[in-house]
Structure formats: structure tokens, C-alpha cells
Amino acid sequence: MFSLLVNIPANAKWAQNGVTVAGGNGEGSATNQLNLPQGLIVDDDQTVVIADSLNHRIIQWKNGDTTNGQVVAGGNGAGNRLHQLNRPSDVLIDRETNSLIICDLGNQRVVQWSCRSGTTQGEILIDNINCHGLAMDEQRYLYVSDWIKHEVRRYQSGDNSGTLVAGGNGKGDGLNQLNWPTYLFVDRQQNVYASDRDNHRVMKLVEDAKEGIVVAGGQGRGSALTQLYAQNGIFVDTLGTLYVADSLNHRVMRWTQGDKKQGTVIVGRNGSGEGANQLNDPVGLSFDRHGNLYVAEYGNHRVQRFSIE
């Protein structure tokens, strides 16, 4: 996955005013609108692919065309037929198969949808799973969080049962437990990062370890620099720096490897709102290969790009 190779300087700063690159025209289902966007991924050419949850579709917006997006999966109303999605929460791009992999949350399944033109339906990869977030490593193993079982599993192609890699010990805040895991990231060493939403922390899970390591938050919910509040999207750059969409604090934070105690706010210091320098419930988080930051705002029905300076 190309997104594993984003080099961001340790002293990087981002413009405090974002530019709307998708949506921003109120809540709705037109091709220039989004309705509660969640996970997103940015392609090599800066095309943004978004899980547009309450429109039950995946929509892509090409770089430079901020007027309209193009529906690339779903968009046929909420339903469980193969041409439909139901509240998708996350999406990835699978280069090898030229397809999208989608967490179809409302249908409790993971589906694959070819990017070839003329594709009208997806195929089920994993069913009967309360998926919320997805990640893929360089060996093409797929990682899926289950927010009901409070666990993360790794899947090989054709495997419907998977291998437990995190949680699975009931809901809780122990180091071997999770409480509503949402978004995931896997680095090149196959370390798995899980956004442990209702524990207000991000966990790092080293392969075969029985317990995880708290790498951000874990100090109860709150707005101090040591805390997170129902965070969602996460991203890790090549230096091992962690970026977190701190949803109910309406900000994006960065936590460097050497400093597990507190993070710094990189954008969204100005409270909840729809100004260019504000965020409203940021959920999805991604970067392009230049280090520009993309944030899907659940509350503002838009995606903002914050340029690296």
C-alpha cells in the first residue's frame, strides 16, 4: 500500500486553514454533497476516495475537481444486495487487484468492488463481521476491527475466520482488551495500530505480543494534550509518528514516538465549527504522498485538505 511510505519531516507544519476538496455543500445525496463521511483514502494522483456513510456509497473526488464527485460503489440506496451498501465506514485501495475494499458496516460484511469501468456490484470477502475499520499490509493481509467483539483480526485471501491480533478478551481497558475499536493502521513491520475509541486511546500491537502498548491518550476522555475524546482515524508516517483524528475535541493531533505522554495539535485548534480553521467531528484521516493532510468531517459533511508548509 502506497500510504505506508509517506515521509513527513519531524518538524513539519500544516496550513491552519483547510481547503474543501469534497462536499461542503450541506448534507445531501447530490454528487456535490456528502452525508456523514467517515473513512477515506488518498490515491497517488490525489484522488480522494470516501466512505459516504449515510448515502450508502463510496464516492471519489479527483484532484482539482471540487464541484462533483463520482460514485464508484453502492449509491443504490441502503440494502444488502451485491449492488448496494449500508452505512459503509471505511475503504481501502487494493493496487494488486485494482479494486476497493469496503467495510460495509450496516451489512456486517467486508466487500471488494472492482475499479474497472462498468462494474455494477461487489463481492463479499468476509461476512458476519461487525467491521468498522480496515488496513492492509505489504503482504496483502487484510486487518479488520470488530466493534461488537472488541477485537482486530487478520485475514488471508479466501479466509473467512481470520487470526486474532488484538483484543478478543471482552470489552475493557486492560492492555489485552479494547472498547469499540474503529480505525486501523499497519506499518511496514506489521505493527498494528488500533483506534480504541471508547477507551480514548490508540493501541500499538506488536506481532504475537499478548498485550498492546498505549501510544496516545489512555488518560480518560478530555481535551488536555495528554488526552483524546472518542478519536477515530489514525495514520503513521515512516518516522513512526502517529496522527489522530481526535473527533469530539474537533482537532487533529500528532504523537511522536519518543513522547508517549502528550501530543501536539496540528490543525483544528479553534473549537467546533465550519470555518476554514475549524473542524466538526473529524473522523477520517489520511495523507497524500506529499504530506498534505486530508480530514473527513462527519459534522460538516466535507473533506478538508490542509497543505504541508
Side-chain angles (χ1 to χ4, degrees), residues 1 21-23 25-43 45 47-62 65 67-136 140 142-148 153 155-162 182-184 233 283-284 286 296 298 301-303:
M1 290 291 289
V21 294
N25 295 300
E27 171 190 336
S29 59
T31 54
N32 69 344
Q33 294 177 304
L34 299 169
N35 191 347
L36 302 182
Q38 296 199 46
L40 81 166
I41 188 92
V42 186
D43 205 346
D45 61 2
T47 296
V48 185
V49 184
I50 306 156
D52 187 13
S53 66
L54 268 198
N55 283 325
H56 315 291
R57 67 189 182 187
I58 306 298
I59 189 165
Q60 71 175 22
W61 294 62
K62 294 200 177 296
D65 180 8
T67 50
N68 284 287
Q70 175 192 3
V71 178
V72 289
N76 297 301
N80 63 4
R81 297 188 174 177
L82 290 178
H83 70 296
Q84 295 176 303
L85 299 169
N86 186 350
R87 287 179 291 125
S89 58
D90 204 9
V91 58
L92 336 150
I93 300 165
D94 181 3
R95 289 265 168 279
E96 293 281 313
T97 59
N98 187 28
S99 64
L100 302 174
I101 298 176
I102 301 160
C103 172
D104 191 10
L105 181 146
N107 283 322
Q108 301 173 333
R109 65 189 184 187
V110 177
V111 297
Q112 186 168 22
W113 206 291
S114 171
C115 294
R116 285 186 281 278
S117 64
T119 302
T120 56
Q121 63 180 45
E123 60 173 307
I124 299 170
L125 293 182
I126 307 165
D127 54 14
N128 300 314
I129 181 168
N130 289 287
C131 64
H132 199 121
L134 303 168
M136 186 180 273
R140 300 192 64 254
L142 182 65
Y143 298 75
V144 187
S145 63
D146 187 315
W147 64 277
I148 295 285
R153 299 185 86 86
Y155 296 84
Q156 280 178 281
S157 180
D159 164 19
N160 201 51
S161 53
T182 56
Y183 294 93
L184 304 173
V283 171
S286 194
Y298 197 74
H301 312 289
R302 68 183 183 186
V303 175

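No hydrogens, no waters, no symmetry mates; every other heavy atom, side chains included, goes into these values. It should be emphasised that the depicted structure is a prediction, and the values quoted were computed from it without experimental measurement.
From Leu40, atom CG reaches atom OH of Tyr183 across 9.0 Å, with rounding to the nearest 0.5 Å. Rounding to the nearest 0.5 angstrom, the gap separating the CG atom in Asp104 from the CD1 atom in Ile58 is 8.5 Å. Within the model, atoms CG of Leu100 and CG of Leu92 stand 9.0 Å from one another, a figure rounded to the nearest 0.5 Å. Between the CG atom in Asn128 and the CZ atom in Arg109 there is a gap of 11.0 Å [rounded to 0.5 Å].
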- [ ] Could you go through the salt bridge (Lys or Arg N to Asp or Glu O under 4.0 Å) check for Lys62 and Asp43 one step at a time?
- [x] CA-CA 9 Å; Lys62 294 200 177 296; Asp43 205 346; over 6 Å; no
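The closest side-chain donor-acceptor pair between Gln112 and Ser99 falls under 3.5 angstrom. Asn130 and Gln108 share a side-chain donor-acceptor pair at under 3.5 Å. Counted by atom type alone, Asn86 and Asn80 present zero donor-acceptor pairs between their side chains at under 3.5 Å.
Residues Arg87 and Leu105 form a side-chain contact, since some pair of their non-hydrogen atoms from C-beta on lies under 4.5 Å apart.
When the shell of 6.0 Å around CZ of Arg140 is examined, it contains more than 12 heavy atoms from other residues, nucleotides or ligands.
Of the possible polar contacts, one joining the Asn25 side chain to the Asn32 backbone as a donor-acceptor pair under 3.5 Å is found.
Val144 and Ile126 make their closest contact through CG2-CD1, 4.1 Å (heavy atoms, listed as atom of the first residue, atom of the second, distance).
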